[in-house]
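The structure under discussion appears below in the form of structure tokens.
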Amino acid sequence: MNINTIAKQVEDYFADNYPQFKEFQQKKEYKPYWDKCMECLQDRDVLINIIFCNDIFSIPPVKTFLTYYLNDFIIITGDNQAILDTPLKRRIGAFWGMVFKFVLGYTEQKTVSVSMNEHFMVKTASVYSFKNGDENTSKNKSFKILIGE
């Protein structure tokens with residue numbers, strides 16, 4: 001699976017898998033945030049780091065994503081703290097849930113504390129994993145992204 005396939009699957013199926021958040025993809029007010037999420041999926045190195053941080057250090061993809069793009073979010077929000085409202089934080093969380101659960105095939109998720117109080121005001125986010133026995137197939141998918149298959 002390559003990054004173009006991942007992005008296309010998210011683009012094509014996000015609203016089907018997360019109908020309660022479809023406006024994240026469709027409404028003009030969310031476009032800069034949706035576009036930033038999609039831009040991230042097109043950057044193989046950043047995506048690999050997000051997967052690595054999730055898999056090895058149990059750092060939620062939302063935390064890695066927001067931290068990496070902090071300066072962009074300061075510009076998008078027009079706020080030095082890049083404060084995101086609760087509905088927007090949930091939409092970004094749903095985006096990463098789509099990537100990990102529905103595209104990459106992770107089978108488990110756990111909510112953990114992230115304490116992003118200096119910027120974003122995010123308190124919790126999900127880390128994704130596999131049930132025992134599922135991990136070899138799914139980790140191979142992640143590895144294939146790394147090598148560009």
Side-chain angles (χ1 to χ4, degrees), residues 1-25 30-77 81-131 134-149:
M1 177 178 299
N2 65 38
I3 58 173
N4 293 325
T5 302
I6 293 168
K8 177 139 178 53
Q9 286 186 15
V10 171
E11 188 79 44
D12 290 349
Y13 300 110
F14 180 80
D16 294 337
N17 287 304
Y18 289 94
Q20 69 275 33
F21 297 118
K22 67 183 176 188
E23 67 278 355
F24 183 51
Q25 184 179 21
Y30 295 118
K31 183 169 179 25
Y33 303 98
W34 175 264
D35 288 351
K36 188 54 62 182
C37 289
M38 292 301 294
E39 175 187 321
C40 181
L41 294 185
Q42 295 294 325
D43 188 325
R44 186 177 138 302
D45 294 336
V46 175
L47 185 56
I48 289 304
N49 280 303
I50 289 172
I51 293 168
F52 179 82
C53 287
N54 178 82
D55 291 357
I56 304 302
F57 298 115
S58 297
I59 299 171
V62 166
K63 182 173 185 173
T64 307
F65 167 71
L66 291 174
T67 302
Y68 184 81
Y69 288 107
L70 171 62
N71 290 331
D72 293 338
F73 279 101
I74 289 171
I75 292 167
I76 292 169
T77 62
Q81 288 186 288
I83 303 298
L84 306 174
D85 66 27
T86 298
L88 179 56
K89 290 185 277 193
R90 289 183 179 147
R91 287 168 174 84
I92 292 171
F95 179 92
W96 288 103
M98 174 70 189
V99 172
F100 276 78
K101 290 167 42 180
F102 293 99
V103 179
L104 297 177
Y106 287 64
T107 55
E108 303 291 313
Q109 80 179 66
K110 180 171 104 175
T111 301
V112 298
S113 175
V114 292
S115 300
M116 297 179 77
N117 297 324
E118 192 172 318
H119 297 96
F120 305 112
M121 301 308 282
V122 175
K123 294 180 177 141
T124 62
S126 293
V127 172
Y128 301 92
S129 61
F130 307 99
K131 286 182 184 175
D134 290 345
E135 58 198 36
N136 290 331
T137 302
S138 296
K139 283 193 188 243
N140 285 339
K141 278 186 186 180
S142 299
F143 178 72
K144 287 180 180 181
I145 296 166
L146 178 63
I147 61 173
E149 288 184 12

[X] versus [Y], closest heavy-atom pair with distance:
X: Leu88; Y: Asp85; value: N-OD1, 2.8 Å
X: Met38; Y: Ala7; value: CE-O, 3.4 Å
X: Val62; Y: Gly93; value: CG2-CA, 3.8 Å
X: Ile83; Y: Met121; value: CD1-CG, 3.1 Å
X: Ala82; Y: Thr77; value: CA-OG1, 3.4 Å
X: Cys40; Y: Leu47; value: O-CB, 4.2 Å

Set of residues satisfying side chain to side chain contact (heavy atoms under 4.5 Å, CB included) with respect to [X], sequence neighbours excluded:
X: Asn4; result: Asn2, Gln42
X: Thr67; result: Lys63, Met116
X: Ser58; result: Val127

Please name all residues satisfying salt bridge (Lys or Arg N to Asp or Glu O under 4.0 Å) with [X], sequence neighbours left out, ordered by chain then number.
X: Lys123; answer: none
X: Lys36; answer: Glu39, Asp72
X: Lys22; answer: none
X: Asp45; answer: none

Residues in ring pair (Phe, Tyr, Trp, His ring centres under 6.0 Å) with [X], at least two apart?
X: Phe65; value: Tyr69, Phe73, Trp96
X: Tyr13; value: none
X: Phe24; value: Trp34

Using the ring pair (Phe, Tyr, Trp, His ring centres under 6.0 Å) rule, pick out the option among Phe14, Tyr18, Phe95 that qualifies with Phe102.
Tyr18
At what distance, to the nearest 0.5 angstrom, does OH of Tyr33 lie from CG of Leu84?
6.5 Å
Gap between atom CD1 of Ile92 and atom CZ of Phe21 - 0.5 Å precision:
11.5 Å
Report yes or no: do Asp43 and Tyr68 form a side-chain donor-acceptor pair below 3.5 Å?
no
Are the side chains of [X] and [Y] in touch, meaning some heavy atoms are under 4.5 Å apart?
X: Ile59; Y: Asn54; result: no
X: Val112; Y: Pro60; result: yes
X: Asp35; Y: Tyr30; result: no
X: Ile51; Y: Phe100; result: yes
X: Val10; Y: Val99; result: yes

So which pairs with a foot in residues 100-115 pass salt bridge (charged side-chain N to carboxylate O under 4.0 Å, His left out), sequence neighbours left out?
none
Applying salt bridge (charged side-chain N to carboxylate O under 4.0 Å, His left out), which residue pairs with at least one partner in residues 87-98 are found, sequence neighbours left out?
Glu23-Arg91
Donor-acceptor pair, Glu118 side chain versus Gln81 backbone, under 3.5 Å?
no
Checking side chain to side chain contact (heavy atoms under 4.5 Å, CB included) against Leu41, which of Ile50, Ile6, Val103, Thr5 comes through?
Ile6
Run the side chain to side chain contact (heavy atoms under 4.5 Å, CB included) check on Thr107 and Tyr128 step by step: do they pass?
CA-CA 7 Å; Thr107 55; Tyr128 301 92; over 6 Å; no
